[in-house]
Amino acid sequence: MSSPIAQASSVTGERAAIVAFDEPIVSAEWMEEAAQAIAGRAAPCRLQDRLDDGDQGWWIIGDGEVVGALCGRLVHVPSDAGSQALIWTWLAIDARWRAFGYGGAAVPLLEQAAHQAGAELALAPLPPDNGVALYFWLRLGYTPLRSVAVDPDDRPKGVAPDALWMQRPLDPLRSPDPCHAEE
């Protein structure tokens, strides 16, 4: 089963912050559209379903406002990169705040918390028809996997059998922004 990602209730970066949900049920008017956007042509991926499946959730804060939300979990994986991995299970930005860089700014914050909790790898399952998500994760330094070995009990519910899995090693010496990494 999954283990907690972070003991801290928030992580702050230069562009954004993530703040742990303080209640088990969360909602905002933009979430239904986000649930459909995340899933592509599949059934909507609702945030509450992710929380009910045991994931941890955080609000994404930008410019002093809630601009999005994300969920993830730590799981055991047999890999060369390590034995624990962060699995991204939900990441969405309110449509009014998209293209401001908040999603990309939130990713390294949760990766940092996951690495401090022992994760050495991050995994993101994508619907095979969600090109926007593919571009997003590629831009952040994730690469496609041919297959992924996640225990069936740890595999997030609702992940399509034909999902495209992306990965990125969580190296503390690596720049959190691969677009601005030093050579």
Side-chain angles (χ1 to χ4, degrees), residues 4-40 44-74 85-117 119 121-127 130-142 156 166-182:
I5 293 173
Q7 299 301 322
S9 62
S10 67
V11 182
T12 302
E14 288 183 32
R15 180 84 176 105
I18 57 173
V19 178
F21 294 153
D22 57 1
E23 297 179 21
I25 298 175
V26 295
S27 65
E29 62 186 44
W30 53 270
M31 287 188 177
E32 188 60 32
E33 182 273 336
Q36 186 60 56
I38 289 170
C45 179
R46 292 187 173 80
L47 178 60
Q48 189 59 51
D49 293 341
R50 300 299 346 124
L51 298 174
D52 291 345
D53 196 26
D55 298 349
Q56 290 178 264
W58 291 266
W59 293 116
I60 300 170
I61 309 297
D63 292 327
E65 292 190 46
V66 171
V67 298
L70 57 84
C71 286
R73 63 173 65 188
L74 281 185
L86 162 66
I87 295 183
W88 289 94
T89 59
W90 212 85
L91 173 63
I93 301 296
D94 179 340
R96 297 172 297 168
W97 293 101
R98 291 184 192 145
F100 287 91
Y102 295 119
V107 167
L109 301 178
L110 188 59
E111 287 176 342
Q112 173 189 340
H115 189 268
Q116 290 172 350
L121 180 69
L123 299 167
L126 311 179
N130 191 332
V132 172
L134 175 62
Y135 175 73
F136 175 81
W137 292 106
L138 285 169
R139 190 174 54 79
L140 292 172
Y142 282 69
M166 306 289 287
Q167 73 171 349
R168 176 176 157 174
L170 298 181
D171 181 349
L173 301 177
R174 185 175 172 177
S175 169
D177 183 355
C179 296
H180 298 98
E182 294 179 23

Next item on the list: Tell me, please, which residues at least two apart from D49 pass side-chain hydrogen bond (donor to acceptor under 3.5 Å, both in side chains).
Entry: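 D49 satisfies side-chain hydrogen bond (donor to acceptor under 3.5 Å, both in side chains) with no other residue.
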
Checklist line | All side-chain hydrogen bond (donor to acceptor under 3.5 Å, both in side chains) counterparts of R15, not counting sequence neighbours | finding: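 Testing R15 for side-chain hydrogen bond (donor to acceptor under 3.5 Å, both in side chains), a comparison that skips the adjacent residues, returns none.
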
Checklist line | Rounded distance (nearest 0.5 Å) linking atom SG of C71 with atom CD1 of I87 | finding: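 Atom-to-atom, C71:SG and I87:CD1 are 13.0 Å apart.
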
Next item on the list: Look up atom OG1 in T89 and atom CG in D55, then write down how far apart they are to the nearest 0.5 Å.
Entry: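 One finds 3.5 Å between OG1 of T89 and CG of D55.
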
Are [X] and [Y] close enough that some pair of their side-chain heavy atoms sits under 4.5 Å apart?
X    : Y    : answer
F21  : L51  : yes
F136 : L91  : yes
M166 : L134 : yes
L86  : L123 : no

Any donor-acceptor N/O pair, [X] side chain to [Y] backbone, under 3.5 Å:
X    : Y    : value
R46  : A35  : no
R168 : E111 : no
W90  : C45  : yes

Margin query: Test side chain to side chain contact (heavy atoms under 4.5 Å, CB included) on D94 and E65; report intermediate values, then the result.
Written below: CA-CA 11 Å; D94 179 340; E65 292 190 46; over 6 Å; no

Next item on the list: Go through the steps for I61 and V67 under the test side chain to side chain contact (heavy atoms under 4.5 Å, CB included), then give the verdict.
Entry: CA-CA 6 Å; I61 309 297; V67 298; over 6 Å; no

Next item on the list: Fit a plane to each ring of W88 and W137, take the angle between them on a 0 to 90° scale, and name the class: parallel (under 30°), tilted (30 to 60°) or perpendicular (over 60°).
Entry: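 Answer is tilted, since the angle falls between 30° and 60°.
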
Next item on the list: Might you work through the side chain to side chain contact (heavy atoms under 4.5 Å, CB included) test for L126 and Y142, ending with a clear yes or no?
Entry: CA-CA 12 Å; L126 311 179; Y142 282 69; over 6 Å; no

